[in-house]
Amino acid sequence: MINLTINGKKVSVEEGLTILQAAEQMGIRIPTLCYHEAVVAYGACRVCLVEVVRKGWPKMVTACNYPVQENIEVNTNNEKVIKIRKLVVELLLARCPEVKEIKDLAEELGIKEIRFKKKNDKCILCGLCVRVCEEKMGITAIGSINRGTIRDVATPYNDNSDVCIGCGACASICPTGAIKIEDVGDIRTIDKWNTKVKLRKCETCGKYYAPVPQLDSLKGKTSVTEESFKMCMDCRRKKLENTMINAKKSKY
Amino acid sequence: MIKKLKNRTDLENLKESILKKKDKKKHCIIVSSGTCGQTSGSEKVIEKFKDEIKKQDMGKQVELKVTGCHGFCEVEPVALIQPEGIFYQKLKAEDVPEIISETIVKGKVIEKLLYSDTETGKKIPYEKDIPFYKKQSRIIFGNNVLIDPTSIDDYIGIGGYEALGKVLFKMKPEEVIEEVKKSGLRGRGGGGFPTGKKWGFCRQAEGDVRYVICNADEGDPGAYMDRSLLEGNPHSVLEGMIIGAYAIGSSEGYVYIRAEYPLALKNLEKAISQAEGYGLLGKNILGSDFNFRVKITRGGGAFVCGESTALMASIEGRVGEPRAKYVHTIESGLRDKPTNLNNVETWANVPMIISRGAGWYAKIGTQKSKGTKIFSLVGKIKNTGLVEVPMGMTLREIIYDIGGGIPGGKKFKAVQTGGPSGGCIPEELIDLPVDFERLAEAGSMMGSGGMIIMDEDNCMVDVAKYFVDFLREESCGKCVPCREGLENMYNILAGITEGRGKEEDIGLLKELSEVLSEGALCALGTTAANPVMSTLRYFPEEYESHIRDKKCPAGVCKELVLYSIIEEKCNGCGLCRKKCPAKAISGEPKKVHVINQAECIKCRQCFEVCRFGAVKIE
């Protein structure tokens, strides 16, 4: 166990936890944007900055990826932390003035005006889409491109991706709704990636139900039979129900 | 056929045979031909020397040695005639026949090719008497003059790889670390972390595999000392790395070098293969049981890849962007293994510390900053070049005694040290001794050693804008303070220089500076505000005149200046009219000329060409 102080309270937590996790256990909220427990912490948005005093030296660190250390003193909301956190959020708000998550956070922090040049972006470049695609799906269809203010997330050369499986994990994890997915007929379009993937038709009901490459990538990785991949979820459930009912009937 | 050296004696014997082969009676013409020399035309001079030596049948009397940069870039191409030490500068191919026939054959000094003192105009025949060199302590860079960088034998001839032999057979790895600690050597890449301490941590870090890396991703505008070291003496860097690897317990190393440094890359590749040929790299080095190999990774031109974690990501084939260093790279770096990274100049210091001793080394420099530092002296300075001085030398000595002062009789205003994220140090601090601590106290940093000199014609707001512009483009854009903060900082500075500055801009700049220095992810971001903070600290009045009076005191910011002709001083020579690219100046010959403000593009041409001081900038 590691002994440390958070906001003046002494606490003993498991080794290997981050400051964010330790604070959470104590019921202390530290705001985050680019953090998601499903993927490796990234430390890019800087919203979770806290002050750590170690051996008498104070410094600002990101709570999401700073591992707890013996005898450190953590301040999650002192004057300096709030000042810097507010400015970080104000900068993000200037970038994305219409994004609800940022607006809410700005309100929570009491930010009343934007003193910087406004843009109208939806993506905050938190990198969650890139990380989930690489770490959880094992695909790496997208990555960050360019540098500085023109940094963006894209497929290689912005081309239609031939490795994207159309799973939609990127859109589902995106905190700002910057990635839109649309299914029309047998085509799924992910606009931000300039990518279209084919959808599979359910052999039973005829509904287009999942991207072909996603289903193909799952083959052999689960205990689901080959047959079941040809059916939508609803039909598969129905089939399973029928099988069970028939089994019961024959038993008695 | 190159024979592998199987033990220390083999190395000693090789050195002896190399020295024996040398004909000491021969003259040696040393031509510096680094990238700076080549762009000044050194290759043509070298070709001519080759032809002329053949033509005048002087092959037996004279040896031609092509070396890396000697540091005095201002007067390239240069030739040093040994053993006399005669220094010829700004050479052209047509000067060559005379050098052979007069200096080599007759022993005469050719007056017109000599360097003349910038103060007195007096011709100086010998290199040792030239002020630029006189005050330097070229313990590292001086070897560039002695060796052909493509010849490992040249390096061995001056005692190269002896330090390696010493550590492999006479010292335990811990003793090597102790020696480097005692020397007081600190990282020359910018951070200034004690090198021996770093090595010690890395050796103790848990892990079966350890890496050493040489950071040769020198990206600061105006800084090129690492390039010149790799071009001119690649073996010293390699030897340092091998010694470091032995001390740390690593068998694999990388040199991460900018692809924009073709000559350095070429010389380094050659040096690695030569060292492998002699068995100084590879398996069982010098017959010991120590194995070490070095690979080269070429950088793709991103400034941020000079940051250690971004550099390691780039070697791994990932996007070159930094990550948090809460777990240090010495514990978990390249491929999550303990990794020790030092820059080119740091590695080049190592062999010397081992062979001459930590005690000797620690005597050079100040209490906390030991040894020498190579600076690239550029900007508004008479003697542009690379200078190596002991730590603690004052800015005044570097700028005036070595650099020769400011050209054109202009007044010194500030020196920007430490690369784009360094700070501007004003004239009142010119007696500041240059070491890690003093520069940091003054709001700047050592960085990799860039020194950009500025004079009265530089606008400090414009200077801050220039560096912020560089950094916002080079920021990887991963973290919000650096990506959004620098962009907004640039917008504000651009507004100020274009006459749209507001009173509250200063406060906003200070707030942004704080969020950068406290909240950015990597050192690029945390130091990026230095140019703004230091100019705000030392030149607040310049910001004020831009914002309040809408005036640029240095006359640089185009939107804030007006060019006009002073009637009493204009004699109607017409030179300004002829030179004006916008045809904005009119006037009859020998009559007062006038600038049409609507047409004027404020290019400064008229001001520069007028010999009567008749053009006014306000």
Side-chain angles (χ1 to χ4, degrees), chain A residues 18-19 33-34 40-49 51-52 54 58-69 80-81 83-96 114-119 121 124-127 130 134 140 143-153, chain B residues 300-305 309-310 313 318-327 332 468-492 494-495 502 504-505 507-522 524-526 528:
Chain A
T18 60
I19 290 178
L33 277 175
C34 74
V40 177
Y42 196 48
C45 73
R46 320 307 279 175
V47 168
C48 71
L49 279 171
E51 187 187 58
V52 163
R54 188 168 172 247
K59 67 172 177 184
M60 303 291 288
V61 303
T62 37
C64 67
N65 57 359
Y66 194 93
V68 288
Q69 288 164 337
K80 192 171 171 190
V81 170
K83 190 179 169 196
I84 289 175
R85 188 178 294 154
K86 272 176 91 167
L87 197 61
V88 167
V89 174
E90 189 185 336
L91 285 168
L92 273 171
L93 192 62
R95 176 188 173 91
C96 313
I114 304 172
R115 295 168 296 170
F116 305 108
K117 202 171 156 188
K118 277 196 214 171
K119 290 190 254 182
D121 225 309
I124 55 169
L125 295 170
C126 66
V130 177
E134 180 184 342
T140 320
S144 61
I145 59 158
N146 296 334
R147 281 198 300 261
T149 41
I150 55 163
R151 183 188 172 100
D152 203 354
V153 182
Chain B
F303 178 72
V304 72
C305 283
T309 57
R318 308 171 68 87
V319 175
E321 59 182 34
R323 60 160 177 81
K325 283 201 260 191
Y326 304 143
V327 178
S332 175
V468 170
D469 189 24
F470 175 85
L471 290 165
R472 81 175 168 138
E473 277 186 18
E474 291 297 342
S475 158
C476 78
K478 179 176 174 178
C479 80
V480 174
C482 193
R483 182 183 69 233
E484 309 293 334
L486 282 173
E487 172 77 351
N488 282 295
M489 213 172 211
Y490 176 79
N491 289 342
I492 295 168
K502 298 186 286 283
E504 60 267 30
D505 283 351
L508 216 45
L509 283 175
K510 285 181 181 164
E511 273 189 62
L512 285 172
S513 298
E514 193 188 357
V515 81
L516 271 161
S517 50
E518 297 281 353
L521 193 157
C522 79
L524 188 155
T526 53

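Every value quoted in this text rests on a predicted model; they were computed, and no experiment measured them. Just so we're on the same page: letters track the sequence lines, and every chain starts at 1.
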Would you give the length of the straight line joining atom CD of A/E90 to atom CG of B/L508, rounded to the nearest 0.5 angstrom?
-> 7.5 Å

Say whether, by atom type as modelled, one donor and one acceptor occur between the side chain of A/R147 and the main chain of B/G477 under 3.5 angstrom.
-> no

Can you tell which part of B/A520 gets under 4.5 Å to a heavy atom of chain A, answering side chain, backbone, both or neither?
-> backbone

Sort A/V47 into side chain, backbone, both or neither according to what part of it lies under 4.5 angstrom from a heavy atom of chain B.
-> neither

What part of B/L512 lies closer than 4.5 angstrom to a heavy atom of chain A: side chain, backbone, both or neither?
-> both

Inspect the contact between B/E518 and A/K83 and indicate whether a charged nitrogen and a carboxylate oxygen are less than 4.0 angstrom apart.
-> no

B/K478, B/E514, B/E511: which one forms the most heavy-atom pairs within less than 4.5 Å of chain A?
-> B/K478

Whatever's closer than 4.5 Å to a heavy atom in chain A on B/R483 counts as both

Heavy-atom pairs under 4.5 Å with chain B are the metric here; pick the option from A/L49, A/L92, A/L125 that has the most.
-> A/L125

Euclidean distance, A/R46 CZ relative to B/L521 CG, rounded to 0.5 Å = 4.0 Å

Should A/R95 and B/E487 count as side-chain neighbours, where that means a heavy-atom distance under 4.5 Å?
-> no

Counting heavy-atom pairs under 4.5 angstrom with chain A, the leader among B/E473, B/R323, B/R472, B/E474 is B/E474

Cut-off 4.5 Å, heavy atoms of chain B, and the answer for A/I84 is both

Rounding to 0.5 Å, atoms CD1 (A/I19) and OH (B/Y326) come to a distance of 8.0 Å

Check each atom of B/E504 against the heavy atoms of chain A and say whether the ones under 4.5 Å are side chain, backbone, both or neither.
-> neither

Mind listing the closest non-hydrogen atom pair of B/E321 and A/S144 along with its distance?
-> OE1-OG, 3.8 Å

Heavy-atom closest pair, residues B/P481 and A/V88 = CG-CG2, 4.3 Å

Which atoms of A/I150 come close to chain B, meaning under 4.5 Å heavy atom to heavy atom: side chain ones, backbone ones, both, or neither?
-> neither

Give a yes or no on whether A/K117 atom NZ has more than 12 heavy-atom contacts from other residues, nucleotides or ligands under 6.0 Å away.
-> no

Once you round to the nearest 0.5 Å, how far does CG of A/L87 lie from CG of B/L516?
-> 9.0 Å

When only pairs under 4.5 Å are counted, which of A/M60, A/Q69, A/E51 shares the most heavy-atom pairs with chain B?
-> A/M60

When the 4.5 angstrom heavy-atom criterion is applied to A/E134 and chain B, the contacting part is side chain

The reported gap from CD1 in A/I124 to CD in B/E484 (rounded to nearest 0.5 angstrom) is 10.5 Å

